[in-house]
Amino acid sequence: MNGREKQAYVNEIKYQIKMLNNLKSWLRNLMVISSIALLLVLFGGEYGIFIPIVGAIIMVVSIIGCIAVGLGLRNGRANVNKLISYLEK
């Protein structure tokens with residue numbers, strides 16, 4: 001592997017790490033949204049019948065989003081680790 005290819009791999013690793021950090025922030029935001037939705041489910045009944053229903057829908061959607069982003073994080077980390085191990089050879 002020449003220096004040019006190695007630099008391309010290093011740049012790709014840096015880019016993927018940046019994108020993994022973006023996914024971490026998305027995961028954090030989705031967890032906050034699901035927590036707020038749980039509050040709507042638990043305490044929204046005092047303000048109307050539709051607020052707990054909307055909260056439940058938001059919670060389900062955000063939990064599905066958390067699962068999808070978590071899978072993306074796991075697969076992305078595995079990919080970065082493969083690239084790093086390939087460079088170390």
Can you give me every donor-acceptor pair (side chain of residues 50-62, partner residue at least two apart or in another chain, under 3.5 Å) with its distance?
{"from": "Ser62", "atom 1": "OG", "to": "Ile58", "atom 2": "O", "distance (Å)": "3.1"}
{"from": "Ser62", "atom 1": "OG", "to": "Met59", "atom 2": "O", "distance (Å)": "3.0"}

Validation: residues 66-82 side-chain donor-acceptor distances under 3.5 Å, sequence neighbours left out:
{"from": "Asn75", "atom 1": "ND2", "to": "Leu71", "atom 2": "O", "distance (Å)": "3.4"}
{"from": "Asn79", "atom 1": "ND2", "to": "Gln16", "atom 2": "OE1", "distance (Å)": "3.0"}
{"from": "Asn81", "atom 1": "ND2", "to": "Arg77", "atom 2": "O", "distance (Å)": "3.2"}

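To the nearest 0.5 Å, atom CD of residue Glu12 and atom OH of residue Tyr15 are 8.0 Å apart.
Tracing side-chain contacts under 4.5 Å through hydrophobic residues (I, L, V, M, F, W, Y), one never reaches Leu30 starting from Ile36; they form parts of separate clusters. Hydrophobic clustering (side-chain heavy atoms under 4.5 Å, transitive across Ile, Leu, Val, Met, Phe, Trp, Tyr) groups Leu87 together with Ile17. If you chain together hydrophobic residues whose side chains sit under 4.5 Å apart, Ile13 and Leu23 fall into the same group. Hydrophobic clustering places Leu83 together with Leu20 (ILVMFWY residues linked when any side-chain heavy atoms are closer than 4.5 Å, directly or through intermediates). Neither Leu40 nor Leu42 shares a network with the other; the hydrophobic side chains, linked directly or stepwise wherever heavy atoms of I, L, V, M, F, W or Y lie under 4.5 Å apart, form separate groups for each.
Inter-residue side-chain proximity for Asn21 and Lys18 is flagged as unmet; no heavy-atom pair is nearer than 4.5 Å.
Qualifying side chain to side chain donor-acceptor pair (under 3.5 Å) partners for Gln7, counting only residues two or more places apart in sequence or in other chains: Asn11.
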